[in-house]
Number of protein chains: 4
Amino acid sequence: MGGTMDGTRKRRRGNTRQRIQDVALELFAEQGYEKTSLREIAECLDVTKAALYYHFKTKEEILVSIFEDLSRPIEELIEWGRQQPHSLETKQEIIRRYSEALTGAAPLFRFMQENQATIRELRIGEMFKTRMLGLRDILMDPDADLVDQVRCVSALFTMHAGMHVLQDVESDPEEKRKAVLEVATDLITQAHRGSGGG
Amino acid sequence: MGGTMDGTRKRRRGNTRQRIQDVALELFAEQGYEKTSLREIAECLDVTKAALYYHFKTKEEILVSIFEDLSRPIEELIEWGRQQPHSLETKQEIIRRYSEALTGAAPLFRFMQENQATIRELRIGEMFKTRMLGLRDILMDPDADLVDQVRCVSALFTMHAGMHVLQDVESDPEEKRKAVLEVATDLITQAHRGSGGG
Amino acid sequence: MGGTMDGTRKRRRGNTRQRIQDVALELFAEQGYEKTSLREIAECLDVTKAALYYHFKTKEEILVSIFEDLSRPIEELIEWGRQQPHSLETKQEIIRRYSEALTGAAPLFRFMQENQATIRELRIGEMFKTRMLGLRDILMDPDADLVDQVRCVSALFTMHAGMHVLQDVESDPEEKRKAVLEVATDLITQAHRGSGGG
Amino acid sequence: MGGTMDGTRKRRRGNTRQRIQDVALELFAEQGYEKTSLREIAECLDVTKAALYYHFKTKEEILVSIFEDLSRPIEELIEWGRQQPHSLETKQEIIRRYSEALTGAAPLFRFMQENQATIRELRIGEMFKTRMLGLRDILMDPDADLVDQVRCVSALFTMHAGMHVLQDVESDPEEKRKAVLEVATDLITQAHRGSGGG
DNA sequence: TATGAATGAGCGTTCATTCAT
DNA sequence: AATGAATGAACGCTCATTCAT
């Protein structure tokens, strides 16, 4: 039913797993995790629900696999950051690269941002939290002034939320990204001065 | 409270409606809207599901009613703000009062923050968005520099998310609130200077 | 769909729970627990699957409730037996009463007999085992000769299985029951003599 | 058994078929037929489900093949018994050999015992029943007293169930087997006397 | 002001089976 | 001799909602 002779059926062998991830992320980001049913995903792909279970053990596993695949650059970034001196320059560089990494996986992070309640009780909740704490440890002096701690958190939040929230503002995405990055860098810089330079 | 003879006659005896709202908000905030079933709410209150339908037409209506009741101070704040001159002092005052209002309805705003995907397709999604745009119009010059626009949005986000995110940080809530407020005020102030004084 | 105006619909209010148990037991006994789906039970009763869940929390709970209701006489019998002297007369009386109790809940015990593998991992598995050990402790001297122990177990098994297995033998059920009882009594008596009388 | 050059050439290399039967029986006996999925069997063997279908046409066929292979000694025993005079000595000899045969295929008979409801609607249900009737015809005079008929059936049941049921009793298996055999022989002997000797 | 009883739709998941390779 | 990929049917279960009482 659908695509019987035009090769669309044949050609999709071997990449079904990837296609499931793509469609799933799109729907998860658009409608949320809970409101997206496996039936819906399967229909979009013109396969049966059971086919999804050939490739993934559970619904949650689909999400986990997406998260692992797409957030790998971020994990590597954190790993890299951990080994640098905690200087202002490092922090600024981290923020800059983080902004790029986020842009590369925008739908995933939009999803994370908008489904926090759901995620909290899923495996990726813990994964994400761990990553964030890793980032925080790099960007922030644990003995810093409370206000400066807030600035750091605020910088991260600004980057996470910034893009999707400015959707109704015109001007192209790259410009927006740079604006968001500038604000975040400011916050990080101020926080660093506050605790470091006195 | 205990209005025995005052004008609040209607809401006097039979506080079930209120209790439903209280429990619902607690559960919504804790587990998310979708994962909280009416059965669960009813069980917490030791009534039947059908009883909920005596007081509210739908599940969504419970949420709407909570939102309307708890976010009234914010609506009034915006109304007030609209009539003030768009000076820096006004903006700072708005932010200050907003911080207080948020604290007064913390679970609701934690819920809003963590259930954005869900809320988007609910009535309160539109309501909330309208409120936020109202706030933005007060805090922000529409012709402002993109970076300053981001600062404004960032200030709001910082306040919305700030409290729940700093949960693992020690120090008492009121101190945290003040720290968050300071960062937000900074951002608003910078944004104002940028577009106004530049 | 079925019985719109003839009162069959109205009359069944209030006894649905019982009707579920009746139909479920019939089907469980006929086809086995696993092969009997809730859909099937519901269809027999002309209600929806969801209706079953109003009355019982899970499929297993339906079975447990049947077991508890129908095996109560047996529990009481064991309770009574525990307080008697462990004389031959008591044992024979127990066996006699047990035979009657089994007949009163024949479909349930046919089910238990034929679904042991299934039952083993269900709650009633443990319940049943406990009951049986209770019975055994009354009928059997723990220090008895191994052969006499087998006789006791054999007596119980004979009663459990006897009735259903003789289905293709003609002659009326009550006669069969008495024949089975006689064999069981013989076994118990021999066992008692063996260990007691030397 | 390293049959390098003897007549068992066919079954030599590629013992997968055998391994499937072994694992399947183990799982069927442990968890029941319905609760054991082909996926599970395949995983145990570290092959795919499809591989099972290379060796057997259906799930049921796996079971049938196990039954046929393992119960062949019993079929032969019955065949032998049919040609003997129906004397007491023959009956006792049958019972004795049957006990040995059961021990040689204990897991299969434990399975048969515990999955009667399932088996009834499978091909081996009929097969098993036929065998049992064959045995009964040898052990039992069709005109015998009802009580003696019960004794015969009871003897068979005792042997089928005896071993697995005494699992919590200590003492070694061979001793148990002998005890069970003794009880069964007693029953058969009594039955023979009853109908034969008047 | 509530309850008891039920429904219809849907969910995530599992199963035995098939078939081209 | 076996795999990779998929299917169709069914399953147990939960949900928001309804309505007579």
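Each chain gets a letter, A, B and so on, in the order the sequences are listed, and its residues count up from 1. Note: hydrogens, waters and symmetry copies are ignored here, and every other heavy atom, side chains too, is used.
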**Prompt:** Distance check: side-chain N/O of Thr16(A) vs OP1/OP2 of dA5(F), anything under 4.0 Å?
**Reply:** no
**Pairing residues for Arg72(B) by the salt bridge (charged side-chain N to carboxylate O under 4.0 Å, His left out) criterion, not counting sequence neighbours** = Asp69(B)
**Message:** Please enumerate all residues that pass salt bridge (charged side-chain N to carboxylate O under 4.0 Å, His left out) together with Arg39(A), with sequence neighbours excluded.
**Reply:** Glu43(A)
**Request:** Report the C-alpha separation of Gln21(D) and Ser65(D) in whole Å, then their side-chain angles, then the decisive distance to 0.1 Å, and conclude whether the side chain to side chain donor-acceptor pair (under 3.5 Å) test is met.
**Result:** CA-CA 8 Å; Gln21(D) 291 177 315; Ser65(D) 80; 2.8 Å; yes
**Message:** Tell me every residue that passes side-chain contact (heavy atoms from CB on, under 4.5 Å) with Thr130(A), counting only those two or more places apart in sequence or in another chain.
**Reply:** none
**Fill in**
Sequence neighbours excluded, the answer for side-chain contact (heavy atoms from CB on, under 4.5 Å) partners of Ala24(D) is Phe28(D), Ile41(D), Ile62(D), Ile66(D)
**Asked** Starting at CZ of Arg19(D) and ending at C1' of dA1(F), how long is that distance when rounded to a whole Å?
**Response** 13 Å
**Fill in**
Hits for side-chain contact (heavy atoms from CB on, under 4.5 Å) against Phe128(C), two or more places apart or cross-chain, chain-then-number order -> Phe67(C), Phe109(C), Met112(C), Met132(C), His160(C)
**Asked** What are the residues of residues 21-32 of chain B, sorted by number, that bring a heavy atom to within less than 4.0 Å of DNA chain F?
**Response** none
**Asked** In whole angstrom, what separates Tyr54(C)'s OH from dC19(F)'s C1'?
**Response** 13 Å
**Message:** Just the rounded figure in Å: distance from P of dA1(F) to CG of Leu45(D).
**Reply:** 16 Å
**Asked** Going 5' to 3' along nucleotides 11-16 of chain E, which nucleotides have protein heavy atoms under 4.0 Å from the base (write B), which only from the sugar-phosphate (write S), and which from neither (write -)?
**Response** SBBBBB
**Asked** Expressed in angstrom and rounded to an integer, what is the separation of Asp46(C) atom CG from dA6(E) atom C1'?
**Response** 12 Å
**Request:** With sequence neighbours excluded, tell me which residues meet side-chain contact (heavy atoms from CB on, under 4.5 Å) with Glu121(C).
**Result:** Lys35(D)
**Message:** Just to verify, what does Arg120(D) make a salt bridge (charged side-chain N to carboxylate O under 4.0 Å, His left out) with, not counting sequence neighbours?
**Reply:** Glu114(C)
**Request:** Figure out the CG/P separation between Asn15(A) and dA5(F), and round it to whole Å.
**Result:** 10 Å
**Prompt:** Starting at the 5' end of DNA chain F, which residue's closest nucleotide do you reach first, Leu52(A) or His55(D)?
**Reply:** His55(D)
**Listed once per pair and sorted, the side chain to side chain donor-acceptor pair (under 3.5 Å) pairs that draw on residues 47-57 of chain C, sequence neighbours left out** = none
**Prompt:** Under a cut-off of 3.5 Å for both distances of each Watson-Crick or G-U pair, what dot-bracket string does DNA chain E give, using [ ] for crossing pairs and | for inter-strand pairs?
**Reply:** .||||||||||||||||||||
**Prompt:** Can you tell me if CD on Glu61(C) sees more than 12 non-hydrogen neighbours from other groups inside 6.0 Å?
**Reply:** yes
**Fill in**
Those residues at least two apart in sequence (or on a different chain) that pass salt bridge (charged side-chain N to carboxylate O under 4.0 Å, His left out) with Asp22(C) are none
